Each structure stands twice: as C-alpha cells, then as structure tokens.
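Can you keep this structure in mind? I'll have questions shortly.
Predicted model, so just to flag it, every value in this text is computed and none were measured.
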Amino acid sequence: MKRILLMFAVAGTFSVMAQEVQEADRLPNFNPENIFRKMQQDRTVTCGLDTCYYLTAKATGTSGLAINNATSASGMAQYFDAPEAITVSGVDFIAVKADATGGTSINVDVEIYNAGADSLPTGTALASALVAVDTNFYGGNLTLLTKSATFSVPTTVTGPYCIVISNNSANSINMYSNDYATFDGAQEWLSSANIGGSWIRSYNVNVGGAVYDADMFMHPYVTYDLTADFSLTPNCQDGGDVTANHMSTGVASNRMYSAAAYAGLEGDQYTWDWGDASATETGVGPMHTYATGTYNVTLTDTIMGWTSNCVESITKSTCDQPATIGENELTFNVYPNPASSLVTFEATEEIALVQIFDMSGKVVYSENTNASKIQIDVDLMANGIYAAKVKLASGAVLNKQLEILK
C-alpha cells in the first residue's frame, strides 16, 4: 500500500480532559495540494488494492488527541461510506506513544465495525488487529509515524462502516487528524470518540472550547468490483439525438473512493465510443446525434482511485432493450455467444429479418426469413463485437450483442 510521501514537522503535547482537547503549540506546514498531486502520480493503471485518502485531502493542517482509558477518550472511530460492497483488509493510521511511561511501546486495538445510528460503531467487531505504537517521533515525519494494521481475514461490508482505534491503557498515545481549528471536517462529522464507554459523535466533542470538526487520519485498504453499465434514451431510435444514462458502480461517484469525484471531475472517468467513427466523449450523461442506422456504443469506466485505477468496459447496441407488445415481452437468443462458426438466432415468434452490424454500424449480414429459429455461418467474419438485430413478423425489433471469437 502506497503511503503519503511528504515530510511534516509536528511537535507539541496533546492532552484531553473529559471531552476537551488541548491544541498542539506547533502545527506543520501542511499542503493538501501536494498530497493530491502525488497521489495522481502514484496511481497505477490496473485494478487492485486502493485506499481512501479523502480525509487527508480535506486537510489544511493537523491536530492531535491523547488517547487513553483514564483521563481521555479511550478510542477514536472514523466513518466511511460503502456505496457498494467494499472489502477492507486493513488500515493505516498515524500515532505515537506520548512518552516512555510504562514502556516505550504499547499495543492498540484496530477494529472494523458496521456503522449504526448517527454513524457510530455498532454491534461486534467484524475484524481486528493488534498494532504496536512506540515513542519514536521521527522528527514529526508523518510517513514514518504511520502505523499499519492488516486484518487476518479481509472483511466485505455492504453498508457504511467505521474503523476504530482503541487504547485500553492509562498511558497515552497521540493520534493525528486533520485540523479542527480550521474546520477541516467540513461539518460532515465523520469521526467519533469513546468517552466513558460511550461513543460520542464529533459534534458533541468539545476541544478546548471548540467543537471537534475534524477527521482522524485513517486510510483503509479497500478493493471492490467494478461493473460498467448504461442505457440509452430513447431506445431503438433510428437516428437522431440519443442521451446516454450512466448506470455503473457507485464507487465512481463517491468522494471517499474516487479522487476524480472528490475533485469534481466524476465525468472524466467515463469515456463513450459512439460506434459511428465520431470522436469519443467523456461525461456522466452526454448526448449524441446519430445518422440513420443501428450502432454499438462502448462505455469505458476508468475509476480514478487514490492510488490505483480500475477499468471496465461494456458495449451495447443503440437498440438494446427487449421490445414488448401489450403485456407480452418478446425476446430472442443468440447462441453460442461468443461464436466461432455457426450461430443460432431463436425468437419467441417468427423472425422476418436478421441483420448483423459491425462496430461502425455497417451491415455485414442481412437475411429475410420466416422462421422462429435460424442458423447463420459467421466463419468469414472477423473477431470482434457485433450487434445482432432481428425484426419479428409482428414488427417488433430486438437487439443483442454478439461476439465472434475464433
């Protein structure tokens, strides 16, 4: 897992009395623009393990809390969205043991919970790890102060979740966050503190007379599935204006997982090849004007995560949806698909016309018929994606994607 490759000078003493936090006497020179730029440079081109740097990208500075079970909050929780199934295998966090009292190192509990009412941890821990936090301050270098926890079994969550760091000792650790004094939490109130055995959301936590409007620096290790999908409106229109409706994975539009969504550039992740030799376009729901004919549209989703990209494509005909007459849905099957030589077209009623179009919209096969099941030899067609179109005796027009692979 790539980490933030910047140097920060952090010094000072952090303390918490009940629900109050004393601010550090010196704060680092923190530039979130540099972090965001570095994340862009580090991103790979394959879909794989990523993280969530959203909380760090929000930061204009740092602040800290003393975490212990005697005079302070005994733990901190950070809330994360789960717009779809997310697998969490661990987390990075930033902490240091406050002093050598009781030893130079202390073990803290790192856990993941489902998020319940008011975005607080609920139920029992879904996974946990034990991590040593020592007194090495490393001159305030946040990279070196970063601790890593790996869960023995990765956990897949299907709803919002919380990462929890707990210190069940009277000896303090200092945990770092973005800056509450400059309202880096942006009043999202994504963090909470365990005070006296109860979880209290950050808007009820007092920090030296100010509300704790900040987020702990926690960066979960995440993976997810990307499923590209879209529809076209109107459907089965023979030329004219067609609007694309993006229907892909929710991660792409979520600020926590998509660096592009965070930057307000969600639409840059979606590339549309209209299949008519025109230039590709980007956007969430662009409109395109077609000449007469049926075309294959290809959507390529490139989810711009914080440290890796995830890419998936899907191709559909401009006449993709099943047609209906009254309450009866009319369908047809194309098999085998992919096909190498012979392919069978079978419909729920008599087929009057069969056509196959290549990606440019050119008709490469056309045949009039009067059967509900016909067989076509595609042996001479090149490998690739095609649109298969049938016109039924009732007048309904149906489309399927056909792949030829030899």
Going by atom types alone, do N178 and D215 pair a side-chain donor with an acceptor below 3.5 Å?
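Side chains of N178 and D215: pair found under 3.5 Å.
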Taking the side chain as everything from C-beta on, heavy atoms only, tell me whether Q237 gets closer than 4.5 Å to Y290.
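The answer is no, as the side chains (C-beta and beyond) never meet within the 4.5 Å cut-off.
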Classify the side-chain pair T87/T156 by whether it contains a donor and acceptor separated by less than 3.5 Å.
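There is such a pair between these side chains.
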Between Y212 and S177, do the side chains contain an N or O donor and an N or O acceptor separated by less than 3.5 Å?
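There is such a pair (donor and acceptor under 3.5 Å, judged by atom type) between the side chains of Y212 and S177.
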Looking only at the side chains, is there a donor atom on one of S74 and S166 sitting less than 3.5 Å from an acceptor on the other?
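No donor-acceptor contact under 3.5 Å links the two side chains.
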Sort and list the pairs that fulfil ring pair (Phe, Tyr, Trp, His ring centres under 6.0 Å) and have at least one residue in residues 231-256, not counting sequence neighbours.
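Matches after skipping sequence neighbours: H246-Y270.
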Do V242 and T318 have side-chain heavy atoms sitting under 4.5 Å apart?
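No, too far: nothing below the 4.5 Å cut-off.
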Using a 4.5 Å cut-off on heavy atoms from C-beta on, say whether the side chain of R255 contacts that of D81.
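With C-beta onward as the side chain, the pair touches.
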Out of D92, T150, D50, which one pairs with Y221 under the side chain to side chain donor-acceptor pair (under 3.5 Å) rule?
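It is D92, the one option of D92, T150, D50 that forms the side chain to side chain donor-acceptor pair (under 3.5 Å) with Y221.
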Is it the case that the side chains of E188 and Y79 hold a donor-acceptor pair, with the cut-off being a distance below 3.5 Å and no angle test?
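Side chains of Y79 and E188: no pair found under 3.5 Å.
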Testing the 3.5 Å rule here: is there a donor-acceptor pair between the side chains of T122 and N114?
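No, because no side-chain N or O of T122 sits under 3.5 Å from a partner of the opposite role on N114.
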Heavy-atom distance under 4.5 Å between the side chains of T271 and D273, does that happen here?
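SC-SC contact between T271 and D273 ruled out.
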Candidate pair W272 and H288, rule side-chain contact (heavy atoms from CB on, under 4.5 Å), full reasoning:
CA-CA 10 Å; W272 303 88; H288 188 70; over 6 Å; no
Can you find a side-chain donor-acceptor pair between T233 and N245 that sits under 3.5 Å?
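Distance-only check passes for T233 and N245.
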